[in-house]
Amino acid sequence: MPQPLKGRRFAILASDGFEQEELQESKRVLEDAGAKIDIVSLRRGRIVGWDVDNWGQEIRVDRGLDEANAQDYDGLVLPGGFGNPDHLRMSSAALRFIREFFAAHKPVA
């Protein structure tokens with residue numbers, strides 16, 4: 001299978017309540033295309049997803065926002081979910097991280 005994103009690196013910015021399918025499917029598609037993925041969150045450790053109408057699976061965070069740098073990534077994925085958008089919207093660090101992608105004209109999905 002061709003890997004058009006080989007050598008590229010993407011951040012998926014998520015917090016508790018991320019839409020499980022949106023994060024997992026985005027991660028799978030990008031990895032299948034050859035990209036390396038970092039799950040970035042407001043804190044280190046693990047975050048828990050939202051699966052249709054209840055809490056879903058936990059996922060390991062690769063980098064906390066305090067150690068993530070938009071310059072290290074080729075693009076950003078922002079999954080929706082039960083609480084994820086609200087948590088990110090209320091975080092000045094998350095908003096700064098997201099704005100850096102737009103300022104650099106990098107893809108944000």
Side-chain angles (χ1 to χ4, degrees):
M1 180 168 153
Q3 292 195 317
L5 298 178
K6 188 173 178 77
R8 303 288 183 156
R9 190 170 169 201
F10 288 80
I12 298 178
L13 179 59
S15 68
D16 288 324
F18 65 86
E19 184 65 41
Q20 189 168 302
E21 185 173 348
E22 288 181 25
L23 186 147
Q24 290 176 333
E25 186 64 10
S26 297
K27 185 176 186 285
R28 184 194 64 77
V29 167
L30 288 167
E31 286 176 335
D32 286 352
K36 296 189 128 231
I37 307 300
D38 283 342
I39 305 298
V40 178
S41 190
L42 304 174
R43 67 176 196 277
R44 293 179 191 94
R46 301 182 79 71
I47 53 177
V48 64
W50 187 256
D51 188 14
V52 182
D53 61 358
N54 210 340
W55 292 106
Q57 299 174 345
E58 287 187 347
I59 188 166
R60 183 180 58 82
V61 172
D62 297 306
R63 292 182 181 270
L65 265 175
D66 60 336
E67 61 184 347
N69 186 334
Q71 294 174 347
D72 296 336
Y73 298 101
D74 297 295
L76 174 65
V77 175
L78 297 165
F82 176 70
N84 186 53
D86 289 333
H87 295 145
L88 298 179
R89 191 172 24 245
M90 293 185 303
S91 166
S92 59
L95 294 175
R96 184 173 47 254
F97 187 68
I98 294 165
R99 285 183 184 121
E100 290 173 359
F101 282 87
F102 284 107
H105 304 285
K106 294 180 179 183
V108 177

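For reference, positions follow the sequence shown, starting with 1. Atoms considered below: every heavy atom in the structure, side chains included; atoms not considered: hydrogens, waters and symmetry mates. Please read all numbers here as calculations on a predicted model, not as lab measurements.
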Atom pairs and distances, donor-acceptor, side-chain atoms in residues 96-109, under 3.5 Å, two or more places apart:
from: K106; atom 1: NZ; to: A70; atom 2: O; distance (Å): 2.9
from: K106; atom 1: NZ; to: Y73; atom 2: O; distance (Å): 2.6

**Asked** Just wondering, more than 12 heavy atoms not from E21 lying within 6.0 Å of its CD?
**Response** no

**Message:** Test of understanding: with side chain to side chain contact (heavy atoms under 4.5 Å, CB included), list the residues that count as partners of S26, not counting sequence neighbours.
**Reply:** V77

**Request:** Any salt bridge (Lys or Arg N to Asp or Glu O under 4.0 Å) involving residues 63-78? Give me the pairs, sequence neighbours left out, ordered by first then second residue.
**Result:** R8-D74, D38-R63, R44-D66, R44-E67

**Fill in**
Heavy-atom closest pair (A11 atom, V40 atom, distance to 0.1 Å) is CB-CG2, 4.0 Å

**Prompt:** Is the shortest side-chain N to carboxylate O distance from R28 to E31 below 4.0 Å?
**Reply:** no

**Message:** I'd like to know if the side chain of W50 and the backbone of V52 have a donor-acceptor N/O pair within less than 3.5 Å.
**Reply:** yes

**Asked** Hey, any chance L42 and L76 share a hydrophobic cluster, counting ILVMFWY side chains that come within less than 4.5 Å of each other, even indirectly?
**Response** yes

**Same apolar cluster: I12 and I47, side chain cutoff 4.5 Å** = yes

**Message:** How long is the straight-line distance from CD of Q57 back to CG of D51, given to the nearest 0.5 Å?
**Reply:** 7.5 Å

Could you tabulate the donor-acceptor pairs under 3.5 Å formed by side-chain atoms of residues 79-88, not counting sequence neighbours?
from: N84; atom 1: OD1; to: S15; atom 2: N; distance (Å): 2.5
from: N84; atom 1: OD1; to: S15; atom 2: OG; distance (Å): 3.1
from: N84; atom 1: ND2; to: P79; atom 2: O; distance (Å): 2.6
from: D86; atom 1: OD1; to: R89; atom 2: NH2; distance (Å): 2.2
from: H87; atom 1: ND1; to: S15; atom 2: OG; distance (Å): 3.1
from: H87; atom 1: ND1; to: D16; atom 2: O; distance (Å): 3.1
from: H87; atom 1: ND1; to: G83; atom 2: O; distance (Å): 3.3

**Asked** Mind checking whether L23 and V48 sit in one hydrophobic cluster, side chains of I, L, V, M, F, W, Y counted as touching below 4.5 Å?
**Response** no

**Asked** How close do A93 and L65 get, heavy atom to heavy atom, and via which atoms?
**Response** C-CD1, 3.9 Å

**Partner set under salt bridge (charged side-chain N to carboxylate O under 4.0 Å, His left out) for E58, not counting sequence neighbours** = R46

**Asked** Once you round to the nearest 0.5 Å, how far does CD of Q3 lie from CG of L30?
**Response** 12.0 Å

**Message:** I need the full list of ring-ring contact (aromatic ring centres under 6.0 Å, His included) pairs touching residues 4-48, with sequence neighbours left out, sorted by first then second residue.
**Reply:** none

**Item:** Between NZ on residue K36 and NZ on residue K6, distance to nearest 0.5 Å
**Value:** 9.5 Å

